[in-house]
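In the text below, chain A, chain B and the rest are named by the order of the sequence lines, each starting its count at 1.
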Amino acid sequence: MEEIIRVGIADSKLCKTPDKITTVGLGSCIGIVLYSATHDLCGMVHIMLPSSKEIKNNTNRAKFADTGIEDLVKMLDQKGVKKGSLLAKIAGGATMFVFSSASDFGSVGERNIKSVKETLAALSIPIVAEDTGADYGRTIIFDNISKKLTVRCAGKADKVI
Amino acid sequence: MEELTSMKLDVLREIGNIGAGNATTALSVMLNSNLRMELPVVKVLDFDGIPEMIGGADTIVAAVLTCFSGEVSGMMLFILEMEEAKNLAGTMLGKTYSEDFEGFDHMDKSVLKEIGNILMSSYINSIGTLTNMQFRTEPPAICTDMAGSVLSLPISQLGKVGDKALVIDSKFLDNERPINGFLMLVTDEVSYQKIFESLGIGC
């Protein structure tokens, strides 16, 4: 019986085929799926802040783009999915609230996208598909058999990337 | 997050009581209805526990968010499950929403934003009066979407300082029917410390 593995906020998990892996209600947060074309094991991390280096309290490494992705790469590597074979699909980084006054709160989504891309580039992991930015929330489900990421939004048709 | 003494818990509950009490009165007058507030509950939650308070991360909600700054800074959020938001906006505007409702129009959003603004300003101002501190509140912003997505901004602010959220959860009753929604105050430990100190409670 296949299951859907649920990744929480500031959380990362691995998933073995035929199970699917999901995270619900991404806003400014980003869901990053790392998988390999040939392997039946993949992983997902749900990050909420761009960098662990800007924050003193950084013990929960899955919370940040930089350490969250690095740790997921390590988790996969320990199970035999080598870094060189990894591919990424990413979604999220929306700006949910638009303030009339200047405020840096709104830009956390944009900063998350930038940091995720920089971290993946530094690890030489190509981004195969992405659905980022804009102003709406996303639920994502990854199927490691078809290697497709389904992006579900409120009041919109599903998007498969 | 440090362990809260029962004294501090009492203070937070009282802040919620006064804040939400004033907010309820303001809203009740505006709607000319019989609104009441339950005693606030102070909770320390995991991040995933916050969207659960309103039915889960994929529940569709409407939320109004405002930022405040001054001696204490943070943000405040008024969040309602979509049907509740429709009830509230409908009551204010004297209209009902059709079966094929697809989303709020500009007027609906402005009304909800103003309700949120009044609720949260009365809440924040009453904390100011209680602590004798000055706050400046920013004009609010509104968003309707999945609870998890909407809450990602306040949760990421909380994430900067810890892995748990201290939530003062204030629930409203409309003619004794509980409204599925809440007011949430998001601030950091430094700000809480200042609030405690202003009330003469040290570490």
Side-chain angles (χ1 to χ4, degrees), chain A residues 6-11 22-31 46-52 54-65 68 91-109 111-112 134-141 152-156, chain B residues 1 45-52 54-69 73-75 77 82 101-104 109 113 116 136-165 186 188-189:
Chain A
R6 188 162 168 170
V7 179
I9 302 164
D11 181 24
T22 185
T23 194
V24 178
L26 289 163
S28 55
C29 301
I30 297 186
H46 178 147
I47 63 99
M48 55 192 260
L49 288 165
S51 170
S52 63
E54 294 167 8
I55 309 284
K56 271 191 226 145
N57 185 333
N58 54 11
T59 45
N60 179 3
R61 294 171 56 91
K63 196 153 75 177
F64 307 99
T95 302
M96 302 302 294
F97 290 93
V98 179
F99 293 96
S100 49
S101 57
S103 141
D104 71 330
F105 288 128
S107 67
V108 61
R111 283 186 285 135
N112 280 338
D135 61 352
Y136 51 85
R138 298 166 172 93
T139 287
I140 55 171
I141 307 120
R152 193 162 286 167
C153 305
K156 289 192 179 69
Chain B
M1 184 162 296
L45 294 171
D46 290 330
F47 295 141
D48 285 306
I50 303 175
E52 292 303 326
I54 197 152
D58 52 2
T59 306
I60 305 297
V61 299
V64 185
L65 188 121
T66 189
C67 300
F68 60 94
S69 53
S73 62
M75 49 175 75
L77 183 88
M82 202 59 178
F101 173 81
E102 279 185 355
F104 287 126
K109 284 189 182 175
K113 212 150 91 171
R136 195 164 48 87
T137 49
E138 304 289 337
I142 185 165
C143 171
T144 57
D145 211 309
M146 290 180 273
S149 312
V150 167
L151 288 162
S152 64
L153 181 60
I155 291 175
S156 65
Q157 291 305 308
L158 291 166
K160 287 185 181 171
V161 288
D163 293 305
K164 298 265 184 196
V186 178
D188 50 40
E189 276 179 55

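When side chains are defined from C-beta on, A:Phe99 counts as touching B:Cys67, because their heavy atoms get closer than 4.5 Å. Side-chain contact between B:Ile142 and A:Phe97: absent, with no pair of heavy atoms (C-beta onward) separated by less than 4.5 Å. Annotation: side chain of A:Lys63 is in contact with side chain of B:Phe47 (closest heavy-atom distance under 4.5 Å). You'll find the side chain of B:Ser149 stays beyond 4.5 Å of the side chain of A:Arg138, heavy atoms only.
Judged by distance alone, with hydrogens and angles left aside, the side-chain atoms of B:Ser156 form no donor-acceptor pair with the main-chain N or O of A:Met48 at under 3.5 Å. No donor-acceptor pair under 3.5 Å is formed between the side chain of B:Asp145 and the backbone N or O of A:Tyr136. Judged by distance alone, with hydrogens and angles left aside, the side-chain atoms of B:Asp48 form a donor-acceptor pair with the main-chain N or O of A:Ile9 at under 3.5 Å.
Here the CG-NZ distance, from A:Leu49 to B:Lys160, works out to 6.5 Å after rounding to the nearest 0.5 Å. The line from CE of A:Met96 to CG of B:Leu65 is 11.0 Å long, rounded to the nearest 0.5 Å.
The candidate with the highest count of non-hydrogen atom pairs below 4.5 Å against chain B, out of A:Thr23, A:Asp11, A:Asn60, is A:Asn60.
For B:Ala147, no part lies under 4.5 angstrom from a heavy atom of chain A. Using a 4.5 Å cut-off between heavy atoms, A:Val24 contacts chain B through both its backbone and its side chain. Using a 4.5 Å cut-off between heavy atoms, B:Ile60 contacts chain A through its side chain alone, with no backbone atom that close.
Nearest heavy-atom pair, A:Gly27 versus B:Ser152, reported as atom, atom and distance to 0.1 Å: CA-OG, 3.3 Å.
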